[in-house]
Amino acid sequence: MKIESCQTNTDVVLEKMIQQLQLRLVAEPDNGDLLYFLGVSCYQLKNNEAAIPALQKAVQYHTSYDAEAYSLLSYIYEELKDYVQAMEMVELALGVLPCGRRKRDKVFLSNLLRGLGSLQLRLGSPGRAVDSYLKAVHSDKDFGEQVRAYSGYLLCLHYENGISNVELFAKHKKYQDFFANIKLFKHAKPKSKKKLRIGYLSPDFRSHVMFYFMYNLLTAYDHTAYEVLCYSLGDADGFTELLQSKVDGWRTVHYSDYAGAAQLIYEDEIDILVELGGHSCNGGLPILAYKPAPVQVSGLGYVNTTGLAAVDYFLTDRYVDPPGAGDHEFVEKLYRLPHSQFSYTGRSDAKEPQGAACIRNKFITFGCFNNFAKITKEVLQIWQAIMASIPDSRLLLKTEIFNGASACDLAKGRLQNAGFDLERVELRGDSLDYLNEYLSVDIALDTFPYPGGGTTFDALYMGIPVLTLKGQRHGARFGYSILKNLGLDAWVAESEAEYIAKAIEFSKHPTLLDTLHKTLRAGMLESPLMDEKQYMKDIECMYQSMWQSYQSKFMQ
């Protein structure tokens with residue numbers, strides 16, 4: 001029987017190239033260029049253990065590829081979740097990158113600055129990230145690089161405590177300036193049709209937190225009244241294949257070919273285009289700027305206005321944006337769903353809630369699984385005040401950056417500076433059993449001004465009550481909306497002082513906590529947060545309303 005090799009032709013070529021490079025290095029062991037190409041080839045063969053030392057040795061000889069070598073090292077360390085080392089490599093790349101070289105190097109500079117901003121944000125330095133993204137905007141005249149960098153800049157601003165809503169709105173409106181000279185598609189009078197064509201545009205049709213909030217949109221719609229087409233801007237995986245099997249049409253588009261993607265959507269005659277990424281990484285807003293669909297909506301994946309004149313509506317709910325409040329902070333018309341703007345799909349890998357851990361431990365464990373960038377100095381001050389008032393309490397922090405020892409050391413330094421006793425704090429990295437680790441937590445502490453979204457739903461699904469601070473703008477009130485929809489009004493604080501007081505008071509009642517741990521999931525299943533039928537009824541009512549409003553413009 002003939003056995004087919006699993007090795008690809010590309011792998012064979014790479015292995016031969018590596019052998020040739022290694023032979024040449026025997027004669028020229030200090031040839032930095034050869035070492036660089038060896039590192040690149042090993043990386044392409046997915047052999048990071050060989051790529052790292054080759055690249056590290058290459059830069060010792062100061063070759064013309066030093067910046068590229070440091071950049072690739074940064075990428076490898078980021079894959080390995082060693083974000084501190086990755087950031088150091090980007091900084092070294094920027095330090096050796098010559099100025100005034102050919103255009104490719106200007107684009108490379110912008111890429112490096114965006115990468116630096118992303119890493120700085122991950123490691124909890126949003127102020128530094130803001131500066132890096134702005135430098136990236138001004139470092140290159142390439143349209144795609146500029147808009148991606150400016151989106152990164154806008155996203156970082158939400159992690160800062162000192163920025164006002166007025167300032168945030170003004171900076172988002174400037175996003176429109178990038179598209180001042182593009183030609184918009186024109187749309188004829190709408191025809192009578194049996195089904196509305198809904199298009200969803202996202203970089204996250206994959207294993208991603210957004211999967212659990214878009215699943216019902218793509219699987220529970222009324223097939224007799226709607227056709228659904230998805231436009232994917234990201235990589236595919238098993239989650240992608242599942243979603244692809246549920247909808248009427250699927251297109252994979254490249255996030256940098258904005259005009260081409262817009263042309264494709266226009267030719268597909270989409271009636272309502274819903275963009276789910278906003279200013280998050282590789283989002284589809286530049287495509288919406290061309291107005292490929294007559295009605296365009298954004299929401300769910302981003303916490304603020306798009307800033308684009310071509311976007312008609314922003315999806316929200318009556319708790320995040322109470323009627324009459326916040327409208328002036330959006331260029332879009334706010335469409336408020338009557339319940340929650342989110343519909344959460346529970347995860348199949350979740351254990352059953354087991355009751356409060358404090359019953360077994362005899363002490364309270366507070367926890368936060370939000371990304372580290374949201375844990376600001378002000379948040380730590382509040383948490384430290386809570387811990388100081390409950391001497392035997394513990395704090396569990398879990399996030400992907402803690403997979404690296406250097407990031408743990410950085411976090412411990414910040415915690416120590418904030419007055420924490422590190423003996424009472426545990427840091428855990430990302431893991432496959434992420435959800436089940438919530439069972440170690442008694443009370444989840446939400447962050448501010450940028451609260452949790454997916455992590456709040458996950459905690460509640462695992463039976464963990466979440467204490468949130470009601471913020472002063474759309475993106476700061478997600479926790480408030482989630483808890484209101486679940487009937488947990490008591491777990492919403494109106495001020496930092498009340499947040500501290502509630503945390504202390506709830507910790508005194510282990511029996512109450514135990515009851516909540518055992519009943520919250522059942523409450524979620526019965527609430528608007530997981531009622532897919534009601535949610536889709538609200539969503540489809542929204543689509544009908546938007547389409548009727550569009551049609552009425554041609555009847556005046």
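Hydrogens, waters and symmetry mates are skipped; everything else that's a heavy atom, side chains included, is used.
- Between Glu160 and Lys171, no side-chain nitrogen of the basic residue sits less than 4.0 Å from a carboxylate oxygen of the acidic one, so the salt-bridge criterion is not met.
- Between the Ser245 side chain and the Leu242 main chain, a donor and an acceptor come within less than 3.5 Å of each other.
- Closest approach of Leu123 and Tyr83 over heavy atoms only: CD1-O, 3.7 Å.
- Heavy atoms only, all atoms of each residue included: Gly454 and Val209 are closest at CA-CG2, 3.7 Å.
- Checked by atom type and distance alone, the side chain of Thr219 never pairs as donor or acceptor with a backbone atom of Lys246 at under 3.5 Å.
- Under a 3.5 Å cut-off, the side chain of Ser280 and the backbone N or O of Gly283 do not form any donor-acceptor pair.
- Note: Tyr212 and His208 fail the aromatic proximity criterion, with ring centroids not under 6.0 Å apart.
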(message) Under the criterion side-chain contact (heavy atoms from CB on, under 4.5 Å), I'd like the reasoning laid out for Tyr258 against Val147: C-alpha separation, chi angles, the key distance, then a yes or no.
(response) CA-CA 11 Å; Tyr258 306 131; Val147 295; 3.6 Å; yes
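- If you look at Tyr200 and Phe205, their ring centroids are not closer than 6.0 Å.
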(message) Go through it in stages, so that I can follow the logic: the residues are Leu55 and Tyr43, the test is side-chain contact (heavy atoms from CB on, under 4.5 Å), and I'd like the CA-CA distance, side-chain angles, deciding distance and then a yes or no.
(response) CA-CA 10 Å; Leu55 293 166; Tyr43 172 74; 5.8 Å; no
(request) For Val130 and Tyr159, run side-chain contact (heavy atoms from CB on, under 4.5 Å): C-alpha distance rounded to whole Å, both residues' side-chain angles, the deciding distance at 0.1 Å, then the answer. (result) CA-CA 10 Å; Val130 162; Tyr159 295 84; over 6 Å; no
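- With Gln176 contributing its side chain and Ala309 its backbone, the two residues share a donor-acceptor pair below 3.5 Å.
- A donor-acceptor pair shorter than 3.5 Å cannot be found between the side chains of Ser298 and Glu332.
- The minimum heavy-atom distance between Ala444 and Ile464, with the atom names listed, is N-CG2, 3.7 Å.
- In this structure, Phe143 has its ring center under 6.0 Å from that of Phe179.
- For the pair Met462 and Asn436, the minimum side-chain heavy-atom distance is below 4.5 Å.
- Between Gly284 and Leu201 the shortest heavy-atom distance is O-CD2, 3.6 Å.
- Taking the six-membered ring for Trp and thresholds of 30 and 60 degrees, Phe369 and Tyr434 have ring planes inclined between 30 and 60 degrees apart.
- Using modelled atom types and a 3.5 Å distance limit, the side chains of Gln263 and Glu267 yield a donor-acceptor pair.
- Looking only at distances, no side-chain donor or acceptor of Asn403 sits under 3.5 Å from a matching main-chain atom of Gly429.
- Side-chain atoms of Gln416 never come within 3.5 Å of backbone atoms of Leu422 as a donor-acceptor pair (strictly under, hydrogens ignored).
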(message) For a side-chain contact (heavy atoms from CB on, under 4.5 Å) check, start with the C-alpha distance between Arg424 and Ser393, then their side-chain angles and the critical distance, and finish with the verdict.
(response) CA-CA 7 Å; Arg424 296 166 57 195; Ser393 60; 3.0 Å; yes
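- Ring-plane geometry between Phe342 and Phe457 is classed as perpendicular, the angle between the planes exceeding 60 degrees on a 0 to 90 degree scale with a lower cut at 30.
- Between Arg414 and Asn417, the side chains place no donor N or O within less than 3.5 Å of an acceptor N or O (distance only, hydrogens not considered).
- Aromatic ring centres of Tyr65 and Phe37: separated by under 6.0 Å.
- Between the side chain of Ser118 and the backbone N or O of Gly115, no donor-acceptor pair lies under 3.5 Å.
- Open room surrounds NZ on Lys135; 12 or fewer heavy atoms of other groups in view lie less than 6.0 Å from it.
- Not a single donor-acceptor pair under 3.5 Å links the side chain of Glu88 to the backbone N or O of Glu91.
- Taking the charged nitrogens against the carboxylate oxygens, Asp433 and Lys351 have no contact shorter than 4.0 Å, which rules out a salt bridge.
- Summarising the geometry of Val59 relative to Ala69, their closest heavy-atom pair is CG1-CB, 3.6 Å, with the distance given to 0.1 Å.
- Aromatic pair Tyr133/Tyr150: centroids not less than 6.0 angstrom apart.
- Looking at Lys173, its side chain never comes within 3.5 Å of a backbone N or O of Gly307 through a donor-acceptor pair.
- Side-chain contact check for Asp237 and Ser207: no donor-acceptor pair (N or O, by modelled atom type) lies under 3.5 Å.
- Between Cys156 and Pro126, the shortest heavy-atom contact is O-CB, 4.1 Å.
- Among residue pairs with one or both ends in residues 45-62, those qualifying as side-chain hydrogen bond (donor to acceptor under 3.5 Å, both in side chains) are Gln56-Tyr77; sequence neighbours excluded.
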